Structure formats: structure tokens, C-alpha cells
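Order of appearance sets the numbers: ligands from 1, and atoms from 1 within every ligand. Quick caveat, the model's predicted, so the values are computed rather than measured. Because only heavy atoms are used, hydrogens play no part in the values below, and waters and symmetry mates are left out as well, while side chains stay in.
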Amino acid sequence: MRQVLLANPRGFCAGVDRAIDIVEQALKKHGAPIYIRHEVVHNRYVVEDLKSKGAIFVERLREVPEGSIVIFSAHGVAKTVWKKADDLNLTVYDATCPLVTKVHKEVIRKQNQNTQVVLIGHTGHPEVEGTLGQSIDGKEVLLVEDEKDIAKIDLKDGQKISYTTQTTLSVDDTQQIVTELKKHFPDIDSPKKDDICYATQNRQDAVKQIINQAEVLIVLGSKNSSNSNRLKEIAEKNHVDAYLIDHYSELKDEWLENKETIGVTAGASAPEILVQEVIEYLKSLGISKVTEVTGAKEDVYFPPPKELRN
Ligand code: SF4
């Protein structure tokens, strides 16, 4: 009998829940419009929903009228963005995920100790830009995307080195880069606790669990969502076809043809309603057996800033 295996955990993490709550509470408190610098979380459905409630998304603060209310996205921002907000007399609510803020603080702490900080991450991702932008006193954080970048690191004699990572990377790929870094710099300082966040780790583990059986994996998430892309990659690396979609209407019949077991999951910024629509669609094709796999239990909660609490 054809069946669906539903990954668990999947979908919203505590950082995304908090970011969306901040926008909704700010809209309640101040009324529309509220400006949001960058997509508050990387999900088309969420962004369209917030737009309909009065949020205006911008990429640069110069698009925001002086004195307005602005929200920084969950990915975090460089220090220069805070400065610009101050210059424009903006009221800021910071939706940066506390786990990203933890990485920012680590960068500053290490730079204060005169340590060369290396950031493992993807060029151009807003979280990476925000973390690179934490540098103090003209010091530079070096971005390492792959092993080639490690070869380019030129440390001054006796200088200490440490690494930190983007929060939404592939756990396995990052481990390879860290191993390579340790070969080049045996004394490199590691973060006390992994910087890849609990939600990214748990969603990747859940996918690994279902692709043992699933012949195809459907990932709900937007194309610019880092952690959603990583879920798709895990399936592909294990020779399971995988598709990243925003909405069930993008499903193609040929993806599901002759597939007995269909895996379904969602990235950390994709709402559960999108998953349920996929399940309903699959049921309409006659696939009635849906099994939710047991995975890590999550009870992380990040409260919004004090000024926005009910
Ligand atoms: S994916 Fe991780 S780092 Fe990003 S918002 Fe969610 S909990 Fe925070």
C-alpha cells in the first residue's frame, strides 16, 4: 500500500515563531505600516501573509521613512545597520534569533582576545553578512565556504584562531570543513557548543530517519531558505529524489509516479498548514496511510522583547 512518512520535527523553530510574533505584536501595538528589513524569515507564505497585515519589506534602511518602526529579520544584521537605524531615528524591534545573537557575541568575545575568527558559512546569506558585520576595531572575520578557502588563510606568527558557523548549515558538510580546519590549525579553538542550531540539527536527523524508506522526499520551504535546501541535499546525497516546494500546487505527478513511500518534511520557516495541504493532496490521490515518525522532542521557546509582550 502506498504511504506517506512525515518527518518529525519539521517546520517552525523557536526563532521563526518569535520573529513572526514580533511582527504581529508590533503591528498590534503601532498599527500599519511596519517596515521589515529583509524577509523576516525566508518563506514566501509567511511574507505574503505579513504583507497583507500591513508589513512592508525592504532590503535597505534608506527605503524606510525617518522616524518609522522597523524590524530586523531573524537572520541578524551588521553593526552598521544599527548605526544607520539610529541616524534615521527609527524605532527598532530586533527579531534576530537568539541563537544567531549568541554567534555574534562569540565573534566579539574572540576578537577582543585578539583571535582570528573564521566563519564557516555561505557567501551572501544575510545571516553571514550580519555575522561578518560584527567585527570590531577594523578586524576581519574570515569566511570559509569550502576547503579551498582554508588554504588561503594566512595567520600571523603566534596568532590564535577560532571558528564559528552559520546556524543553518549541513551538519555533515560542516564536520568535514572543521576536520580540514583542524588539520591546518591543530590549536584552533572550537565553539563551546555547536553553532548549528538545534532546529537545523533535528530536522536533518528526522530526514535521515525517513529516507531509509522513502523513495522521494518533498520539502516544504522557499528556495532562499538555507535550512530547507540542506534537507533536500541530504536526500539527494543518499540517492533519493527530493523537491523543494512552496506550495502543494507545485507537485508534479511524475515525481510521485511508481513511488510507494513518499517522505514529507518542512524547513524551519515553513508553516504547518503547507504540510497539511500536501498531505490532503496526497490523500486525494488515494494515498491514505500517513505515518508520523517519532523524532527529537522540541520545547524551546524564545520570548519576544519586553516592550512587545502581552
Ligand atoms: S533555524 Fe535555528 S538559528 Fe534559524 S531562526 Fe530557527 S532556531 Fe534560530
Cys13 heavy atoms, cut-off 4.0 Å: which ligand 1 atoms fall inside?
1 (S), 5 (S), 6 (Fe), 7 (S)
Who's closest to atom 5 (S) of ligand 1 heavy-atom-wise, of Cys97, Ser225, Ser228, Gly267?
Cys97
Stepwise salt bridge (charged side-chain N to carboxylate O under 4.0 Å, His left out) check, Glu257 with Lys252
CA-CA 9 Å; Glu257 242 167 39; Lys252 295 206 167 80; over 6 Å; no
With a 4.0 Å cut-off, would you call Lys51 and Glu48 a salt bridge?
yes
Electrostatic pair Asp21-Arg18, nearest N-O below 4.0 angstrom
no
Electrostatic pair Asp173-Arg230, nearest N-O below 4.0 angstrom:
no
Per-atom contacts, ligand 1 versus Thr167 - under 4.0 Å to a heavy atom:
3 (S)
With a cut-off of 4.0 Å, which atoms of ligand 1 are near a heavy atom of Cys197?
1 (S), 2 (Fe), 3 (S), 7 (S)
